[in-house]
Protein chains: 2
Amino acid sequence: MLGMANRDRRAERREATRAEILEAAWEVAREKGLAALTLRDVATRVGMQPPSLYSHFESKNAIYDAMFGQAWSEYERADLAAAAEASGSPRARVLKRSLVFFDFAVADLARTQLMNQRTIPGFEPSEESFAPSVRAVQRTAKDLAELGVTDRGDVEILFSIIGGLADQQLANDPGGDSRRKLLTRAVTMWADGVGLPHEAKGSQEP
Amino acid sequence: MLGMANRDRRAERREATRAEILEAAWEVAREKGLAALTLRDVATRVGMQPPSLYSHFESKNAIYDAMFGQAWSEYERADLAAAAEASGSPRARVLKRSLVFFDFAVADLARTQLMNQRTIPGFEPSEESFAPSVRAVQRTAKDLAELGVTDRGDVEILFSIIGGLADQQLANDPGGDSRRKLLTRAVTMWADGVGLPHEAKGSQEP
DNA sequence: GTCTATACTGTGATAGAC
DNA sequence: GTCTATCACAGTATAGAC
């Protein structure tokens, strides 16, 4: 019993330290750029010597990996909330989800680079960290299928449109909203192209 | 006279060495990743000691800058050739140019990261290196305007669609062609959305 | 003018003391 | 679990040979 309790407290402490390190890593990545992340900066920020980080992460890439998993988990939560909250016509639902994706991407360049671009040479997310990414994409595809978009290619095109707008926003107008203003028009083009109905199925019947 | 001749030969030699260094830099960037480029690797490849590179470039970022300018100049050439070669309906012309952009982006991840993403922390292209980028974008916008697409936002949306598809191709299916197959459909959605005519202006009249 | 030799600082990583 | 010490190698800069 006492052994168990001790082990739990230790595990909690360990987990808290890991979270602290990751939070510091996000700060550094946001301030100096994802690729400019250094273990020294992270260690200094949490009050450790650089080698001590290796007690919690086996390499720098392991930190990137944990950050990757965190980022996609956060997005998964944001997308789930948007899916639950979204209402109205299929187009309104798609637009709402698209805006959430766009805003999430544009809010943090370092995070988007880690999630969607191959910025860090040699970094490949682990299967575990990749899982929330797969889930998010699959659920979006499933939700779109229920709205009538069954072609997987059409789903990929929507992702590309929104991701492309977000990337252009980040690259050419960071902090601005020039591309966000174009999102509704772009998604409407896509909705027209795939024949997304203006009204929900059966909304005419009752 | 003799002085001139000597200066010319020296300038040529200098320029050739610069070009050699840049070619080596591209090789390293392609093989190891853009952010993993090191002056050591570049120097080794051209048979120099690392510090000797400073006789030709004042910093590592100056090398990135020259690469940036090269990449956009290459694209400018490719786009000009495509513009001259493209024929037929407005849609066929736009599709041709879109394919050239897509293929150019997908052919080289490191190059695309340098051109369109903010992969290297602290790197900002110089005005001189940025010029071909500006020219290419402006000329495309002008050509599209002549085809009837006058809204600058619509042009940005097209760039985002193609860029987004290319980035997804590079990130999720490097070396494949899954997104290339979707390009025609995506561009068609855009063409429908902006009301791009199927036939050229006046093609009905003669 | 261009290269070599050398050195300074900072990076990720490992080994071993406590 | 954290520290000190140390390593190999990165980018950068200067001095001096030729």
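Every chain is numbered from 1, with letters handed out A, B, ... down the list of sequences. This structure is a prediction, so every number in the text was calculated from the model and none was measured.
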Problem set entry | Qualifying salt bridge (charged side-chain N to carboxylate O under 4.0 Å, His left out) pairs with a residue from residues 54-75 of chain A, counting only residues at least two apart or across chains | Glu74(A)-Arg111(A)
Exercise. Quick one: salt bridge (Lys or Arg N to Asp or Glu O under 4.0 Å) partners of Arg93(B), sequence neighbours excluded?
Worked result: none
Problem set entry | Inter- and intrachain pairs under salt bridge (charged side-chain N to carboxylate O under 4.0 Å, His left out), touching residues 43-53 of chain B, at least two apart | Glu27(B)-Arg45(B), Glu31(B)-Arg45(B)
Problem set entry | Within residues 90-114 of chain A or reaching into it, pairs that qualify as ring pair (Phe, Tyr, Trp, His ring centres under 6.0 Å) - sequence neighbours excluded | Tyr75(A)-Phe101(A), Tyr75(A)-Phe104(A)
Problem set entry | Phe123(A) CZ - dG12(C) C1' separation (whole Å) | 17 Å
For this session: Measure from CZ on Phe57(A) to C1' on dG12(C) and round the result to the nearest Å.
Result: 16 Å
For this session: Summarise how protein sits on nucleotides 1-11 of chain D as a single string, 5' to 3': B when a protein heavy atom is under 4.0 Å from the base, S for sugar-phosphate-only contact, - for no contact.
Result: SBBBB----BB
Problem set entry | Contacts of Gln169(B) that satisfy side-chain hydrogen bond (donor to acceptor under 3.5 Å, both in side chains) - sequence neighbours left out | Asp173(B)
Problem set entry | Glu58(B) CD - dT14(D) P separation (whole Å) | 13 Å
